[in-house]
J.: 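Pasting in a structure now, in structure tokens, and then I'll have a few things to ask.
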Amino acid sequence: MALLTLNARPLTVLRAAALFDGVSSSLITEPSVVIAGGRVVAVHGPAESFPADAVMVGLPGLTLMPGLVDPHLHLCFDASDDPVGHLAGIDDNELRQRMADAARRALRAGVTTVRDLGDRGYLALDLRDRASDADPLPTIVAAGPPITTPGGHCHFLGGAVSGIRGVRAAVRERAERGVDVIKVMASGGNLTPGSLPHEPQFGAEALRLIVDEAHRHGLPVTAHAHGAQSIVDAVTAGADGIEHATFMTADGVDAPESVIRAIAERRTAMGWTVGREPGAHATLAPAAIASRMAGLIATRRRLYQSGALLVPGSDAGVSPAKPHDVLRFAPEDLAVAGMGPAEALWAMTSRAAQACGLGHRKGRIAAGFDADILAIDGDPLQDVAAIRRVRAVYAGGVLVTPVPGFQLRISAQ
Ligand SMILES: [Zn+2]
């Protein structure tokens, strides 16, 4: 019955000047992308003909590309100068509304999939499960409250535990709640007073327990880790991903060559925190980051040259320079590390989708993939700023929003 309903839905055909498919290093010219039931059915060149009842959408002069995937943000933080204080001051109902607004903002800018790596009260899961064509949201992958230590980084999100039984129970609780990924704060962080980024919170043994328990439940683990010791412990424990990976020490940055090699060989997903809104807030990096910037950039270059699996995420929500659509400013940061436009685009689409466990559905425009498609003005392989000239966003085949003033030409063939 469901299949009949799906087949009965009309075909939509997007016709544009060019297409970047999420994995190639060149564009397809004059593509036609056929969509039905929220998925891409086929990608054709210019000469195809389509059924008479297909809805033809002309996007002349524009380039189609997969929706962006942000594998690290926080819908519960409001991108103000005091996200922690503001969070403490509102109840869950208001927080739900704000999180939905944050998700809508990301979607309008072309971020069609987000991975929330730390919420309060599992509210990102509520949002994830509230899909509706009438109020489209990005596809949400969610961790729930990050597992942390009492008083540790982001303890105020409600995920503080201690002891072997505590960490095991925390993983089980998240599995029962239906999270998509386990997030653990392996080291301290910048957002939490009294927490030092370069210092470990969980040791190697606790991290191993968390990873083993999560994998037993079929869940991946990504570990927030700044200090080199925490990075080593998390990688050795078998974590699937490392967030931030800054290799901070008490007074600088130190990334041993042997660790970089091990990371590259193991194919651990290294979540790079990138993207800042330009303007007044652009220079407001946390002091611990700002004072180490030269060392951080040098380490990123070494990681990039090592062939490590690099996944750009924004950490949106944590400061005024990090609104929830800030991922679109990532390519410039990636270029500083040596990454060219094509690889930056792969990293922000197909590779990020894989890191989120959605590599089979997201991050590409190809038959069988979800119809999460942007129409942008320009060739992103020549000019990455084109990803910020979004003229239309489709999420699961639903037109979310054309930019005001831009008219879609919808006509019969
Ligand atoms: Zn974060």
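We count residues from 1, following the sequence as given. Both counts, for ligands and for their atoms, begin at 1 and track the order of listing. Keep in mind the model is a prediction, meaning the values are calculated, not measured.
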J.: Donor-acceptor pair, R174 side chain versus V179 backbone, under 3.5 Å?
T.: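 Judged by distance alone, no pair lies under 3.5 Å.
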J.: Hydrogens and angles aside, do D233 and Q229 bring a side-chain donor and acceptor to less than 3.5 Å of each other?
T.: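 Looking only at side-chain atoms, Q229 and D233 do form a donor-acceptor pair, the distance falling under 3.5 Å.
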J.: Do R208 and E205 sit within salt-bridge range, that is, some charged N less than 4.0 Å from a carboxylate O?
T.: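 Result for this pair is no, no salt bridge flagged.
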J.: Hey, does the side chain of K183 reach the backbone of G118 with a donor-acceptor pair shorter than 3.5 angstrom?
T.: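 No; zero donor-acceptor contacts below 3.5 Å.
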J.: Donor-acceptor pairs under 3.5 Å, side chain of residues 145-157 to any protein atom, not counting sequence neighbours: which ones?
T.:
from: T148; atom 1: OG1; to: H153; atom 2: N; distance (Å): 3.4
from: T148; atom 1: OG1; to: H153; atom 2: O; distance (Å): 2.9
from: T148; atom 1: OG1; to: Q201; atom 2: NE2; distance (Å): 3.0
from: H153; atom 1: ND1; to: T192; atom 2: OG1; distance (Å): 2.8

J.: Excluding waters, which protein N, O or S atoms are within less than 2.8 Å of the Zn ion (ligand 1)?
T.: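 Listed by chain and number: H72 NE2, H74 NE2, D315 OD1.
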J.: Quick check against the 3.5 Å criterion: does S230 have a side-chain atom that pairs as donor or acceptor with the backbone of A225?
T.: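 No, the answer is negative, given that no donor and acceptor are paired below the 3.5 Å cut-off.
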